[in-house]
Amino acid sequence: MKVAMFLHLLLLLALNTQPLLAAEPEPEPVVDKQGNPLVPGVGYYVWPLWADDGGLTLGQTRNKTCPLDVIRDPSFIGSPVAFYAEGLGHIPTLTDLTIDFPVFTVCNQPTVWRLSKQGAGFWFVSTRGNPEDITSKFKIERLAGDHAYEIYSFKFCPSVPGTICAPVGTFEDVDGTKVMAVGDNIEPYYVRFQKVFINGQEKKPFSIV
């Protein structure tokens, strides 16, 4: 009888603690610098924590040809970045997203983000992606804790079992170009979002030469 009661208590303990072990943060709306939720399809600058420039944009890297890769240009305000979450009217954290530069480029190719393999366990964040492909599924993650404003980073972590899950950070290439990348020793790159406006009007797509 005592043995049966002991086993029953163990089972109850296991059932009660399992939710704690499996608990994960719930998705929440991503907000811009003004505290407004990001809107799908609207352009946002992706700035580093310390400045209102040096944003993400597109550039030619190692191959000096198309497709263009996602880079950080410290001397440039950045290019508009748009986010899409299937079936949602806002952009949440920890959710598969399609990320795109709504700009015209010399490559005349899709500017949807995708992971492009550069070597063993190392990838650049490039373009010419397809929203339906697993290599074009990125997530936004909020930095935990209390801060003066919300701080975020990108992850490549598709909601598909067996795929890699790693932060998107900055890799300085041999020519000094700061390329967004995933791989060993790549630390998260923390950012803020600023909605794109010109004279009170939302900015139209522009060209990158």
Side-chain angles (χ1 to χ4, degrees), residues 17-32 37-38 40-41 44 46-49 55-59 61-62 67-72 78 81-101 110-147 149-173 177-193:
T17 57
Q18 187 175 1
L20 298 176
L21 296 174
E24 293 183 357
E26 289 292 327
E28 57 188 73
V30 179
V31 298
D32 62 16
L38 267 60
Y44 293 87
V46 182
W47 285 337
L49 298 183
L56 298 187
T57 186
L58 292 169
T61 56
R62 294 179 175 180
L68 301 175
D69 295 323
V70 181
I71 67 171
R72 182 171 68 84
V81 180
F83 307 91
Y84 303 89
E86 185 175 359
L88 296 176
H90 67 285
I91 301 301
T93 60
L94 306 174
T95 302
D96 286 342
L97 303 175
T98 297
I99 306 178
D100 180 35
F101 284 97
T111 51
V112 173
W113 290 20
R114 72 178 176 93
L115 222 55
S116 175
K117 195 171 184 64
Q118 300 294 316
F122 182 70
W123 297 263
F124 278 177
V125 179
S126 190
T127 56
R128 203 173 64 183
N130 182 336
E132 302 300 321
D133 290 346
I134 192 173
T135 55
S136 291
K137 300 297 182 185
F138 293 83
K139 293 180 179 178
I140 296 175
E141 185 172 54
R142 186 180 72 85
L143 181 63
D146 295 326
H147 312 282
Y149 42 78
E150 299 294 357
I151 300 171
Y152 299 98
S153 63
F154 294 105
K155 292 179 70 175
F156 181 80
C157 190
S159 302
V160 177
T163 57
I164 66 169
C165 188
V168 174
T170 303
F171 172 79
E172 186 165 338
D173 213 353
T177 303
K178 295 174 173 58
V179 190
M180 303 309 291
V182 171
D184 295 338
N185 302 317
I186 300 293
E187 299 294 329
Y189 177 63
Y190 293 106
V191 301
R192 300 171 298 158
F193 302 101

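The structure presented is a predicted model; accordingly, all values stated were derived computationally and were not measured. Residues take their numbers from the sequence shown, with the count starting at 1. Atoms considered below: every heavy atom in the structure, side chains included; atoms not considered: hydrogens, waters and symmetry mates.
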Shortest non-hydrogen contact between Val31 and Leu38, atoms and distance: C-CD1, 3.5 Å

If you take all heavy atoms of Val160 and Thr163, which pair is closest and at what distance? O-OG1, 2.8 Å

Applying ring-ring contact (aromatic ring centres under 6.0 Å, His included), can you list everything that pairs with Phe122, at least two apart in sequence or on another chain? Phe124, Phe171

With sequence neighbours excluded, tell me which residues meet side chain to side chain donor-acceptor pair (under 3.5 Å) with Asp173. Arg62

Residues passing the side chain to side chain donor-acceptor pair (under 3.5 Å) test with Ser126, sequence neighbours excluded, are Asp69

According to salt bridge (charged side-chain N to carboxylate O under 4.0 Å, His left out), who are the partners of Arg128, at least two apart in sequence or on a separate chain? none

Pairing residues for Tyr152 by the ring-ring contact (aromatic ring centres under 6.0 Å, His included) criterion, not counting sequence neighbours: Phe193

So, using ring-ring contact (aromatic ring centres under 6.0 Å, His included) as the criterion, who are the partners of Trp47 when residues are at least two apart? Tyr45

So, using side-chain contact (heavy atoms from CB on, under 4.5 Å) as the criterion, who are the partners of Pro40 when residues are at least two apart? Ile91

So which heavy atom on Leu56 is nearest to which on Phe154, and how close? CD1-CE1, 4.1 Å

Quick one: does Asp100's side chain get under 4.5 Å of Trp113's, heavy atoms only? no

What I'd like to find out is whether the side chain of Thr170 reaches to under 4.5 Å of the side chain of Val179, using heavy atoms alone. no

Please name all residues satisfying ring-ring contact (aromatic ring centres under 6.0 Å, His included) with Phe156, sequence neighbours left out, ordered by chain then number. Phe138

From CD1 (Ile140) to OG1 (Thr95), nearest 0.5 Å: 9.5 Å

Determine whether Val125 and Leu115 make a side-chain contact, defined as any pair of heavy atoms from C-beta on separated by less than 4.5 Å. yes

Consider side chain to side chain contact (heavy atoms under 4.5 Å, CB included). Of Pro29, Pro27, Pro37, which one does Pro92 pass it with? Pro27

If the condition is side-chain contact (heavy atoms from CB on, under 4.5 Å), which residues does Ile151 pass it with, not counting sequence neighbours? Leu49, Leu143, His147, Tyr149, Tyr190

So the salt bridge (Lys or Arg N to Asp or Glu O under 4.0 Å) pairs with at least one residue in residues 85-97 (sequence neighbours excluded) are none

Using a 3.5 Å distance criterion without hydrogens, assess whether the side chain of Thr127 forms a donor-acceptor pair with backbone atoms of Thr111. no

Using the salt bridge (Lys or Arg N to Asp or Glu O under 4.0 Å) rule, collect all pairs that involve residues 130-146, keeping only residues at least two apart or in two chains. Glu28-Arg142, Glu141-Lys155, Arg142-Glu150

Over all atoms of both residues, closest heavy-atom pair of Gly121 and Trp123: C-CZ3, 3.3 Å

Please name the pair of heavy atoms, one in Pro158 and one in Ile164, separated by the smallest distance, quoted to 0.1 Å. CD-O, 3.7 Å

Evaluate the side-chain proximity of Pro25 to Leu94: yes if any heavy-atom separation is below 4.5 Å, no if none is. yes

Apply side-chain contact (heavy atoms from CB on, under 4.5 Å) to Ser136 and list each qualifying residue two or more places apart in sequence or on a separate chain. Val112, Arg114

